[in-house]
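Take a look at the structure set out below.
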Amino acid sequence: SLIATLRISVALAEIRNRLALKRKLAIALFYIVTSFCGGVPMSDWLFLCGILSGITTWLFGFGGGFVTVPLLYLLATSGWGAQSAVGQQAMQIAVATSALVMLCSALLATWRHVRTGTLNWRRLWAMLTGIAVGGIAGALLALQVNGEWIRWLFVIYLLATIIDCYLRAGFMTPPSSRVVPTAPHELTVGGVIGLIASFLGVGGSVMTVPLMRRRGVLMSEAAAMANVLTLPLAATATLTWLVMAWLSPVALPAGFVGNIWLSAAAQLVVGSWLGLKIASRWLARLPDRWHVRIYPLLLIAVLLVMSVWG
């Protein structure tokens, strides 16, 4: 029994050392990334909201857009002023930076979902293709529209989604049998989702999660699918913003690549990485009934922020 006790003590000490090392690496990575990116001084809200974004990305399939777009919009307008060059491009900056953050968060979340086995790849390929094409069109369209219009369309979109979750049957209580659509149908649906989501700078999960839910999928699996479906959208949207930065440069301060705010994106991504680790370890067994109740409440919180501030 003495040998067994010693072995347990050694194992516990090794676990503590590994956890301490991971914490130190996270802190070091945070300071290294933010110091190299430069730009204006970052608010601690970026890192904290990055953590929140990572948690909601794992649990609900969204976070990169619905958490970061309002935050980035508020920081850009308050930091430089609404009438400055940055303020005039505040919504485009929020959408473009959100696309990059979504790409990184979705990659991290997808990798963790693959490890836990919560993904059904055969159901996703057709919609993935449609979302990729729609994402390019949405990003190009966002460049041509006034930022204030994008903000209010974002608010209307949120309101419609919340009403749909509560009033239309199938979200709070999914059907008993699963619906398997055809590939052409999924391709078309994916294109529409990609267009709208890329235009508004969100991951499309507010469409894909309710859609999968009404097909009889549990919230945990729907969130996992939403993370994968965000990948082509975020990748094409980010690429489009980068190409447009090269073709049509905008007059913004140092620390921006086109409309992408690098230092803000860096802090959000590092926080998101930490949030994903927290959620996957401690919140993975959230009951489905609580999953569906919390989801629209988070959307309501974002709706209030975007409606009041501006």
Side-chain angles (χ1 to χ4, degrees), residues 32-47 49-50 53 64-105 134-155 157 194-203 233-272 305-310:
I32 289 171
V33 169
T34 53
S35 64
F36 273 99
C37 286
V40 298
M42 292 294 129
S43 168
D44 289 340
W45 283 107
L46 286 167
F47 183 62
C49 285
S53 173
F66 282 100
V67 174
T68 59
V69 167
L71 174 67
L72 290 167
Y73 177 82
L74 295 177
L75 288 179
T77 52
S78 61
W80 281 275
Q83 301 305 316
S84 65
V86 173
Q88 295 287 336
Q89 293 283 319
M91 198 62 193
Q92 283 84 352
I93 289 169
V95 171
T97 307
S98 169
L100 178 59
V101 174
M102 280 192 298
L103 176 60
C104 298
S105 298
I136 297 174
L140 291 172
L141 184 61
L143 288 168
Q144 310 301 320
V145 179
N146 182 276
E148 191 66 12
W149 277 98
I150 299 177
R151 185 172 78 88
W152 283 109
L153 288 172
F154 187 97
V155 169
Y157 178 57
L195 174 67
I196 296 173
S198 181
F199 177 73
L200 297 177
V202 298
L233 169 67
T236 52
T238 301
L239 180 62
T240 303
W241 284 106
L242 290 173
V243 170
M244 293 306 297
W246 177 58
L247 295 177
S248 303
V250 290
L252 294 176
F256 289 85
V257 174
N259 283 298
I260 297 177
W261 187 1
L262 290 179
S263 51
Q267 290 201 51
L268 285 165
V269 169
V270 174
S272 178
V305 171
M306 289 300 292
S307 300
V308 172
W309 293 83

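Count residues from 1 along the sequence. Bear in mind the structure is a predicted one, so any value in this text is a computation, not a measurement.
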Would a 4.5 Å heavy-atom cut-off, applied to side chains only, mark Leu252 and Ile93 as touching?
yes
Under a 4.5 Å cut-off applied to non-hydrogen side-chain atoms, are Leu262 and Phe256 in contact?
no
Minimum heavy-atom distance between [X] and [Y], given as atom pair plus value:
X: Leu100; Y: Ala265; answer: CD2-CB, 4.0 Å
X: Val250; Y: Gly258; answer: CG2-O, 3.5 Å
X: Val86; Y: Pro253; answer: CG2-CD, 3.4 Å
X: Leu268; Y: Leu46; answer: CD2-O, 3.2 Å

[X] side, atom [atom1]; [Y] side, atom [atom2] - distance, nearest 0.5 Å:
X: Trp241; Y: Asn259; atom1: CH2; atom2: CG; result: 5.0 Å
X: Leu72; Y: Gln92; atom1: CG; atom2: CD; result: 13.0 Å
X: Gln267; Y: Phe47; atom1: CD; atom2: CZ; result: 8.5 Å

Against Ile136, only a single residue in Leu141, Thr240, Leu239 fulfils side-chain contact (heavy atoms from CB on, under 4.5 Å); can you say which?
Thr240
Under the 3.5 angstrom rule, does the side chain of [X] hit a backbone N or O of [Y] as a donor-acceptor pair?
X: Thr77; Y: Leu74; answer: yes
X: Ser53; Y: Ser272; answer: no
X: Ser84; Y: Gly81; answer: yes

Validation row, ring centre Trp261 to ring centre Trp80 under 6.0 Å:
yes
